[in-house]
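Encoded as structure tokens, the structure appears first; notes follow it.
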Amino acid sequence: MANVVVIGSQWGDEGKGKIVDWLSERADVVVRFQGGHNAGHTLVIDGVSYKLSLLPSGVVRPGKLAIIGNGVVLDPHALVAEIDRLAGQGVEVTPRSLRIAENVSLILSLHRELDAFRESSNAGTRIGTTKRGIGPAYEDKVGRRAIRLMDLADLSTLKDKIERLLAHHNPLRRGLGVAEVDPAAIYEELASVADKVLPYMDIVWRILDGARREGKRILFEGAQGALLDIDHGTYPFVTSSNTVAGQAATGAGVGPGTLDYVLGITKAYTTRVGEGPFPTEQQNAVGDFLGTRGHEFGTVTGRKRRCGWFDAVLVRQTVRTGGINGIALTKLDVLDGLEEIKICVGYRLDGREIDYLPAAQAAQARVEPIYQTVEGWRETTAGARSWADLPAQAIKYVRLVEELIGAPVALLSTSPERDDTILVEDPFQD
Ligand code: GDP
Ligand code: IMO
Ligand code: MG
């Protein structure tokens with residue numbers, strides 16, 4: 001039985017939530033394996049919009065098991081708030097439908113504060129983070145001083161763990177000129193939420209191993225995108241986790257052989273939120289057109305997303321670093337009505353032509369896109385549910401994208417609605 005990993009192939013917001021929700025009909029288990037509530041995944045079902053940040057997009061389908069894996073950083077208060085918000089929309093999340101890895105690292109208020117402080121200070125690089133505390137929480141995880149979910153189950157040892165954590169944070173805060181943290185306040189922050197989150201705690205690697213042995217289908221839901229990957233992205237303008245498909249294995253506690261098919265969610269143009277290089281960015285009428293038609297405002301922070309043409313160089317690279325077998329091409333409808341469409345097919349760097357994104361920050365900032373211009377289409381693709389409904393020029397555009405990136409289109413999305421999706425090749429098929 002095939003298991004599928006969904007990852008973003010660009011800078012996030014490619015439409016992962018919509019595709020994961022659509023695919024989850026065919027899956028038994030849906031697992032988040034990295035990131036945290038910096039993610040904002042939007043699903044639209046019969047006109048009703050659901051916004052998920054921490055919860056896997058499978059939670060809205062009754063009967064599916066949702067899992068938050070060890071690779072995620074979990075803000076327990078944000079989790080409770082999200083579960084309450086969904087309950088208000090009629091989606092019930094219970095310990096029967098959601099399990100969380102006992103070894104997941106927690107995001108605390110001090111992580112959020114540090115994230116916000118760094119972003120607002122002039123020292124260091126402004127990344128344009130979501131200020132959710134993601135980076136500082138991963139730093140503590142790697143620094144071996146994180147508080148983990150299981151620590152809430154043993155309040156007698158929690159105080160020692162908090163002391164250890166603050167032995168790092170308080171000197172740091174002193175140096176930054178920020179008020180020190182009182183260990184009692186952190187204890188209270190955690191103890192007050194323990195009863196609400198502990199019922200969801202479980203041994204996730206064992207659940208997934210059991211599911212695999214029973215031939216159940218597992219869908220791994222990535223957050224962010226391959227260009228925000230801490231290793232393969234546009235460092236330092238990245239998030240603090242690995243976002244490529246390999247992370248699905250370590251972030252959930254399964255072997256790499258469990259990952260059968262990697263679906264890269266790919267927007268028909270490019271967007272980015274926050275700072276950092278963006279070779280095909282259009283700070284002009286084209287960018288405004290894409291932003292307005294595509295409603296390109298962040299789900300999490302409401303920030304305006306930067307917009308530009310499709311960059312085939314970048315996606316060709318993330319097809320390789322991400323291990324992508326096929327893509328889901330989304331938001332094709334946003335290009336409807338454009339007279340001509342540009343696709344970046346190469347870069348010029350210091351007078352030389354190159355076919356990849358160099359790793360150095362300065363070089364990334366200097367590359368200039370080389371465009372191929374293709375004819376647009378006047379007809380609408382919005383809401384199309386079969387190839388037959390697509391104008392010939394739109395099909396040509398899709399074929400060109402496939403050829404340039406070196407991966408086939410497995411799914412095509414033509415609106416935010418769940419069912420406005422065209423299946424070309426089933427990722428779950430063995
Ligand atoms: P994610 O972070 O990858 O899950 O993507 P977001 O939900 O942050 O952003 C994608 C936005 O595009 C959401 O508002 C979706 O409802 C919307 N969307 C997804 N697919 C399509 C599509 O094919 N066409 C249009 N017009 N909107 C889409
Ligand atoms: P989804 O899952 C788009 C960006 C932030 C910032 C950088 C680091 O919805 O696609 P962080 O808070 O993670 O330390 O911020 O990463 N970023 C995203 N951009 N979509 C996301 O998630 C993102 N999550 C983080 O804007 O540039
Ligand atoms: Mg998003």
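These numbers were taken from a predicted model, which means no experiment stands behind them. Order of listing sets the numbers, starting from 1, for every ligand and every atom in it. Residues: numbered from 1 along the sequence shown.
- Remark: distances from the non-hydrogen atoms of T271 to ligand 2 are all 4.0 Å or more.
- Between the side chain of N3 and the backbone N or O of I218 there is at least one donor-acceptor pair closer than 3.5 Å.
- For the ligand labelled ligand 2, residue R303 lies inside the 4.0 Å heavy-atom shell.
- Distances below 4.0 Å separate heavy atoms of L228 from the following atoms of ligand 2: 4 (C), 16 (O), 17 (N), 18 (C), 19 (N).
- The shortest contact between atom 12 (O) of ligand 2 and any protein heavy atom is with T130 OG1, 2.6 Å.
- Taking every heavy atom of both residues into account, S415 and K18 meet most closely at O-NZ, 2.7 Å.
- Donor-acceptor pairing under 3.5 Å is lacking for the side chains of D333 and T414.
- In this structure, the protein non-hydrogen atom closest to atom 20 (N) of ligand 1 is S413 OG, 3.4 Å.
- With hydrogens left out, the protein atom closest to atom 2 (O) of ligand 1 is G40 O, 2.8 Å, a heavy atom.
- Taking CD of Q282 as the start and SG of C307 as the end, the distance is 10.0 Å to the nearest 0.5 Å.
- Between E221 and K16 there is no salt bridge, since no side-chain N of the basic residue sits under 4.0 Å from a carboxylate O of the acidic one.
- Rounding to the nearest 0.5 Å gives a distance of 8.0 Å between NZ of K196 and CG of D84.
- Interatomic distance, T301 OG1 to N38 CG, rounded to the nearest 0.5 Å: 10.5 Å.
- Checked by atom type and distance alone, the side chain of E402 pairs as donor or acceptor with a backbone atom of V409 at under 3.5 Å.
- Nearest protein neighbour of atom 27 (O) of ligand 2, counting heavy atoms only, is V273 O, 3.0 Å.
- Residue V334 places no N or O, backbone or side chain, under 3.5 Å from any N or O of ligand 1.
- Q34 and Q224 form a side-chain donor-acceptor contact under 3.5 Å, judged by distance and modelled atom types alone.
- Among the backbone and side-chain atoms of A39, no N/O/S atom is found under 2.8 Å from the Mg ion (ligand 3).
- Below 3.5 Å of separation, one finds no N or O of E14 facing any N or O of ligand 2.
- Checking T301, T243, I265, V238 against atom 8 (C) of ligand 2, the nearest heavy atom belongs to V238.
- The structure places CD of E375 at 9.5 Å from CD1 of I341, a figure rounded to the nearest 0.5 Å.
- Residue T129 holds its OG1 atom at 10.5 Å from CD of E275, rounded to the nearest 0.5 Å.
- Listed by number with element, the atoms of ligand 1 under 4.0 Å from a non-hydrogen atom of H41 are 1 (P), 2 (O), 4 (O), 7 (O).
- Ranking protein heavy atoms by distance to atom 10 (C) of ligand 1, first place goes to D13 O, 3.8 Å.
- Residue K16 approaches ligand 2 through these ligand atoms, each under 4.0 Å from one of its heavy atoms: 1 (P), 2 (O), 10 (O).
- Taking only nitrogen or oxygen atoms, main chain and side chain alike, R132 does not reach within less than 3.5 Å of ligand 2.
- Residue Q224 places a heavy atom under 4.0 Å from ligand 2.
- For ligand 2, the atoms sitting less than 4.0 Å from at least one non-hydrogen atom of A223 are 2 (O), numbered in the order shown with element in parentheses.
- Of the listed residues (D333, T381, T414), the one carrying the non-hydrogen atom nearest atom 25 (C) of ligand 1 is D333.
- Here the heavy atom of the protein found nearest to atom 4 (O) of ligand 1 is G17 N, 2.8 Å.
- Residue contacts with ligand 1 include S415, since one or more of its heavy atoms lies under 4.0 Å from the ligand.
- Protein heavy atom in closest approach to atom 1 (P) of ligand 1: K16 N, 3.5 Å.
- Within a 6.0 Å radius of CZ in R366, other residues, nucleotides and ligands contribute more than 12 heavy atoms.
- The neighbour count for F289 CZ, taken as heavy atoms of other residues, nucleotides or ligands under 6.0 Å away, is above 12.
- Of the heavy atoms in R305, only side-chain atoms (C-beta onward) come closer than 4.0 Å to ligand 1.
- Checked against the Mg ion (ligand 3), the N, O or S atom of D13 at the shortest distance is OD1.
- Regarding atom 16 (O) of ligand 1, its nearest protein heavy-atom neighbour is P416 CB, 3.4 Å.
- Ion pairing between R418 and E25 fails under the 4.0 Å rule for side-chain N and carboxylate O.
- Among protein heavy atoms, the minimum distance from atom 12 (O) of ligand 1 is reached at K331 NZ, 3.0 Å.
- Residue-ligand proximity, K18 to ligand 1, at heavy-atom distances under 4.0 Å covers atoms 20 (N).
- Salt-bridge annotation for D21 and R61: present, with a side-chain N of the basic residue lying under 4.0 Å from a carboxylate O of the acidic one.
- H295 does not count as a contact of ligand 1, since none of its heavy atoms falls under 4.0 Å from the ligand.
- For the pair R385 and W22, the NZ or CZ position fails the cation-pi test of under 6.0 Å to the six-membered ring centre and within 45 degrees of the ring normal.
- What sits closest to atom 15 (C) of ligand 1 on the protein, heavy atoms only, is T42 CB, 4.1 Å.
- Between K64 and D28 there is no salt bridge, since none of the side-chain N atoms of the basic residue sits less than 4.0 Å from a carboxylate O of the acidic one.
- Residue-environment remark: CD (Q89) exceeds the threshold of 12 foreign heavy atoms within 6.0 Å.
- Every atom of ligand 2 with a heavy atom of W11 under 4.0 Å away is listed here by number and element: 3 (C), 19 (N).
- For the ligand labelled ligand 2, residue G40 lies inside the 4.0 Å heavy-atom shell.
- Residue contact check: G128 has heavy atoms under 4.0 Å from atoms 5 (C), 6 (C), 26 (O), 27 (O) of ligand 2.
- Contact atoms of ligand 2 toward A39: 1 (P), 2 (O), 9 (O), 22 (O) (distance under 4.0 Å to a heavy atom of the residue).
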Passes side chain to side chain donor-acceptor pair (under 3.5 Å), Y261 versus D426? Steps please.
-> CA-CA 10 Å; Y261 186 100; D426 189 350; over 6 Å; no
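- Among the atoms of D115, none of the N or O lies under 3.5 angstrom from an N or O of ligand 2.
- In terms of N/O distances under 3.5 Å, ligand 2 is approached by N38.
- Ion pair D202/R99 flagged as a salt bridge, since at least one NZ, NE, NH1 or NH2 atom sits closer than 4.0 Å to an Asp/Glu carboxylate oxygen.
- For D75 and H111, the side-chain atoms include no donor-acceptor pair closer than 3.5 Å.
- The closest non-hydrogen atom to atom 15 (O) of ligand 2, taken over L52, I127, T129, comes from T129.
- At a heavy-atom distance under 4.0 Å, no atom of R272 approaches ligand 2.
- Against a heavy-atom cut-off of under 4.0 Å, D13 is close to the following atoms of ligand 2: 1 (P), 3 (C), 9 (O), 10 (O), 20 (N).
- Remark: minimum distance from atom 13 (O) of ligand 2 to any protein heavy atom is reached at T239 OG1, 2.6 Å.
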